[in-house]
Undergrad: 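This is the structure I have questions about; it appears just below.
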Amino acid sequence: MGIVNVTPDSFSDGGRYLDAGKAIELGIRLAMEGADILDIGGESTRPGAEPVACDEEMRRVLPVIRALREKTGVLLSIDTMKASVARAAVEAGAHVINDVSGMTGDSGMVEVAAACDAGIVVMHMKGTPRTMQQQPAYGDVAAEVRAFLASRLSALQEAGIDITRVVLDPGFGFGKSLAHNLALMRSLPSIRVEGRPFLVGVSRKSMIGRVIGSDDMDDRFWPTVALTAFAREHGAAVVRVHDVRPNMEAMRMAEAILARR
Ligand code: HH2
């Protein structure tokens with residue numbers, strides 16, 4: 001899954017693709033590099049990020065979705081916590097709804113998901129982007145994340161959603177310390193629920209900067225690739241990344257070793 005951030009303030013590429021033309025070019029390039037899915041977002045979820053108004057979020061993402069639907073053959077995902085943005089994005093051609101609040105942030109989101117046949121990414125987050133990194137605390141982080149994902153899966157099922165549409169995401173960096181993120185990565189196989197596949201999003205995240213002791217975004221490129229291979233080996237079906245080609249190749253290598261493609 002290649003990341004297309006149509007935002008001024010994303011943590012690693014804010015402002016670079018705010019212009020629709022630049023975002024579309026990026027999406028086309030990532031598709032050519034081998035992305036199977038493009039994740040298009042118009043609101044940063046970095047720690048402390050300010051919320052974006054619904055109209056503005058739609059203004060950013062809808063033209064990009066429409067153009068990428070026309071110009072690429074890959075699946076398109078809308079990265080949003082707002083039901084109205086998700087609905088408009090699906091109408092514009094998005095195939096997947098990726099909601100970092102696990103469909104808890106907007107009371108209308110489950111209804112939107114139930115009314116269409118889009119794929120769904122359910123992610124765990126503790127708190128909101130504004131507050132989530134203020135000393136997150138857990139008893140057993142893996143058990144708590146698993147319990148949340150299981151409860152969301154049940155809620156979606158109760159709303160009439162076929163859970164084979166759902167991909168689960170532990171939410172790396174969303175209300176988690178470095179120790180929590182590392183524990184979750186180690187525990188991936190044990191937090192699987194109902195056999196649903198995992199999406200892992202660690203690309204360029206600060207957990208990498210902390211381990212390698214650098215704040216430079218460029219220094220996070222290779223550790224991201226290493227994490228992709230690790231995540232694939234431990235059961236991730238989708239990795240959400242800024243740099244598609246090297247991460248896709250890392251996945252292919254892990255798959256060749258595991259011979260389970
Ligand atoms: N991470 C980010 C955004 N959306 N969605 C899922 N499912 N999983 C993730 O780990 C995830 C996500 C944050 O990364 P990015 O889009 O690069 O930054 P920003 O939120 O600042 O735009």
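We count residues from 1, following the sequence as given. Numbering of ligands and ligand atoms starts at 1, following listing order.
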Undergrad: One line per pair, note the atom names and distance for all nitrogen or oxygen contacts under 3.5 Å between ligand 1 and the protein.
TA:
{"residue": "ligand 1", "atom": "1 (N)", "partner": "Lys205", "partner atom": "NZ", "Å": "3.1"}
{"residue": "ligand 1", "atom": "1 (N)", "partner": "Arg240", "partner atom": "NH1", "Å": "3.4"}
{"residue": "ligand 1", "atom": "4 (N)", "partner": "Asp79", "partner atom": "OD2", "Å": "2.9"}
{"residue": "ligand 1", "atom": "4 (N)", "partner": "Arg240", "partner atom": "NH2", "Å": "3.3"}
{"residue": "ligand 1", "atom": "5 (N)", "partner": "Asn98", "partner atom": "ND2", "Å": "3.1"}
{"residue": "ligand 1", "atom": "7 (N)", "partner": "Asn98", "partner atom": "OD1", "Å": "2.8"}
{"residue": "ligand 1", "atom": "7 (N)", "partner": "Asn98", "partner atom": "ND2", "Å": "3.4"}
{"residue": "ligand 1", "atom": "7 (N)", "partner": "Asp169", "partner atom": "OD2", "Å": "2.8"}
{"residue": "ligand 1", "atom": "8 (N)", "partner": "Asp169", "partner atom": "OD2", "Å": "2.6"}
{"residue": "ligand 1", "atom": "10 (O)", "partner": "Gly201", "partner atom": "O", "Å": "3.3"}
{"residue": "ligand 1", "atom": "10 (O)", "partner": "Lys205", "partner atom": "NZ", "Å": "2.7"}
{"residue": "ligand 1", "atom": "14 (O)", "partner": "Arg240", "partner atom": "NH1", "Å": "3.3"}
{"residue": "ligand 1", "atom": "16 (O)", "partner": "Asn5", "partner atom": "OD1", "Å": "3.2"}
{"residue": "ligand 1", "atom": "16 (O)", "partner": "Asn5", "partner atom": "ND2", "Å": "3.4"}
{"residue": "ligand 1", "atom": "16 (O)", "partner": "Arg240", "partner atom": "NH1", "Å": "3.4"}
{"residue": "ligand 1", "atom": "16 (O)", "partner": "Arg240", "partner atom": "NH2", "Å": "2.8"}
{"residue": "ligand 1", "atom": "17 (O)", "partner": "Asn5", "partner atom": "ND2", "Å": "3.4"}
{"residue": "ligand 1", "atom": "17 (O)", "partner": "His242", "partner atom": "NE2", "Å": "2.8"}
{"residue": "ligand 1", "atom": "20 (O)", "partner": "Thr45", "partner atom": "N", "Å": "2.7"}
{"residue": "ligand 1", "atom": "20 (O)", "partner": "Thr45", "partner atom": "OG1", "Å": "2.6"}
{"residue": "ligand 1", "atom": "21 (O)", "partner": "Phe11", "partner atom": "N", "Å": "3.0"}
{"residue": "ligand 1", "atom": "21 (O)", "partner": "Ser44", "partner atom": "OG", "Å": "2.7"}
{"residue": "ligand 1", "atom": "22 (O)", "partner": "Asn5", "partner atom": "OD1", "Å": "3.4"}
{"residue": "ligand 1", "atom": "22 (O)", "partner": "Ser10", "partner atom": "OG", "Å": "2.4"}

Undergrad: Determine, for Arg240 against Asp79, whether the closest basic-nitrogen to carboxylate-oxygen distance falls under 4.0 angstrom.
TA: yes
Undergrad: Just list the side-chain donor-acceptor pairs under 3.5 Å for residues 18-28, sequence neighbours left out, or say none.
TA:
{"residue": "Asp19", "atom": "OD2", "partner": "Gly21", "partner atom": "N", "Å": "3.2"}
{"residue": "Asp19", "atom": "OD2", "partner": "Lys22", "partner atom": "N", "Å": "3.1"}

Undergrad: Are Asp99 and Lys82 ion-paired here, with the side-chain N under 4.0 Å from a carboxylate O?
TA: no
Undergrad: Does anything in residues 183-200 form a side chain to side chain donor-acceptor pair (under 3.5 Å)? List the pairs, not counting sequence neighbours.
TA: none
Undergrad: Using 30° and 60° as the class limits, which term best fits the ring planes of Tyr138 and His124: parallel, tilted or perpendicular?
TA: tilted
Undergrad: Give me the other members of the hydrophobic cluster that Val121 sits in, counting Ile, Leu, Val, Met, Phe, Trp and Tyr linked by side-chain heavy atoms under 4.5 Å, directly or via other members.
TA: Met1, Ile37, Leu75, Val96, Val167, Leu199, Val238
